[in-house]
Amino acid sequence: GLLGGLLVDAVKDVRVQGLRVYNLLFALGALAGLAGIGFALFQPEPRAEPDPSRFARLVTDPLLDINFRRYIHFMLAWSLAGFLALPFITAYMLKRLNMDMSWVVGMVLLSQVMTALFMPMWGRLSDRFTSKSVLSVTCPMFLLPYPVWILAANVEPGAIRYGLLIALHMVFGLANG
């Protein structure tokens, strides 16, 4: 991703070349996804005893719990809101803050690394306490960066702005874990 961002930055002034680079990156991404599926298909796994009724119970039993259904509804709404906002954040950084694609991709990568690093911690805390108590911490933490974006546009371009944006993406990733 970061190399793709650097490549796009290198040719972003040339419209036709930029479109070709995007097309190439999308094609490479699709091929990498297909290769991943191919590797997963040939991954050995232990043989399971077929029991369709056990699988059906495994899937449907949690849905009988009203609190689990409420949790699923909340997570669906929360995920939808996050996925709807993400493209606007990217566009905001590219257009309003006039950032290079490599920086934007780097920040998204930083956020994903933070998510991967902190996911085990949130999982342990959720097991020890409850999902609701963890969500009561992570949800406000996830919402905190949004109003701070307004400040980022008012900070002069340079180290302070980039430091602020890096901190925001770290908080996003931390809360998302």
Side-chain angles (χ1 to χ4, degrees), residues 1-5 8 22-94 101 104-150 165-177:
L2 192 54
L3 291 175
V8 168
Y22 276 115
N23 290 339
L24 175 67
L25 291 174
F26 282 124
L28 289 175
L31 288 174
L34 290 173
I37 292 170
F39 290 130
L41 287 174
F42 295 107
Q43 183 70 25
E45 61 180 322
R47 191 173 260 340
E49 294 296 321
D51 184 2
S53 64
R54 182 170 177 251
F55 178 74
R57 282 193 321 274
L58 189 66
V59 172
T60 58
D61 282 354
L63 296 175
L64 299 175
D65 182 1
I66 186 71
N67 288 327
F68 181 75
R69 286 198 312 264
R70 288 179 182 152
Y71 174 74
I72 292 298
H73 288 135
F74 167 77
M75 292 307 294
L76 285 171
W78 186 260
S79 296
L80 177 65
F83 287 126
L84 286 175
L86 187 60
F88 293 103
I89 292 171
T90 302
Y92 181 79
M93 288 192 297
L94 289 169
M101 180 66 84
V104 173
V105 172
M107 296 220 194
V108 170
L109 181 63
L110 172 66
S111 181
Q112 291 173 346
V113 167
M114 292 295 291
T115 296
L117 290 175
F118 283 91
M119 194 174 288
M121 180 193 77
W122 292 126
R124 282 191 301 276
L125 288 173
S126 185
D127 290 343
R128 185 173 178 192
F129 301 105
T130 63
S131 294
K132 190 174 182 179
S133 62
V134 170
L135 287 171
S136 69
V137 173
T138 58
C139 288
M141 190 185 304
F142 188 80
L143 294 174
L144 175 71
Y146 286 103
V148 180
W149 281 102
I150 298 166
L165 293 172
I166 288 169
L168 289 174
H169 278 82
M170 290 176 78
V171 171
F172 270 134
L174 172 71
N176 205 26

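What's counted below: heavy atoms across the whole structure, side chains too, no hydrogens, waters or symmetry copies.
- With sequence neighbours excluded, no residue forms a side chain to side chain donor-acceptor pair (under 3.5 Å) with Thr115.
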For this session: Determine, step by step, whether Phe172 and Tyr146 satisfy the ring pair (Phe, Tyr, Trp, His ring centres under 6.0 Å) criterion, reporting the C-alpha distance in whole Å, the side-chain angles of both residues, the deciding distance to 0.1 Å, and the verdict.
Result: CA-CA 10 Å; Phe172 270 134; Tyr146 286 103; 5.2 Å; yes

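- Counting only distance, with no hydrogens or angles, the side chain of Thr138 and the backbone of Val134 share a donor-acceptor pair below 3.5 Å.
- Atom CZ of Arg128 is separated from atom OG of Ser126 by 12.5 Å, given to the nearest 0.5 angstrom.
- In this structure, Phe142 and Pro145 approach most closely via the heavy-atom pair O-CD, 3.2 Å.
- Closest approach of Val104 and Met93 over heavy atoms only: CG1-CE, 3.6 Å.
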For this session: May I have the step-by-step check of side-chain contact (heavy atoms from CB on, under 4.5 Å) for Arg70 and Met75, ending in yes or no?
Result: CA-CA 9 Å; Arg70 288 179 182 152; Met75 292 307 294; over 6 Å; no

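- The nearest pair of heavy atoms linking Leu110 to Met170 is CD2-CG, 3.6 Å.
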For this session: Starting from the C-alpha separation in whole Å, work towards a yes-or-no answer on side-chain contact (heavy atoms from CB on, under 4.5 Å) for Arg69 and Ile72.
Result: CA-CA 5 Å; Arg69 286 198 312 264; Ile72 292 298; 5.6 Å; no

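- For the residue pair Thr130/Ser133, the side-chain donor-acceptor check at 3.5 Å is satisfied.
- Atom-to-atom distance recorded for Ser79:OG and Asn176:CG is 8.0 Å, nearest 0.5 angstrom.
- Looking at heavy atoms from C-beta onward, Ser131 lies out of side-chain contact with Phe74 at the 4.5 angstrom threshold.
- The side chain to side chain contact (heavy atoms under 4.5 Å, CB included) test applied to Met121 returns Phe118, Arg124, Leu125, not counting sequence neighbours.
- Using cut-offs of 30° and 60° for the angle between ring planes, the Tyr71 and Phe68 rings count as tilted.
- Taking a 6.0 Å sphere around CZ of Arg54, one finds it holds 12 or fewer heavy atoms contributed by other residues, nucleotides or ligands.
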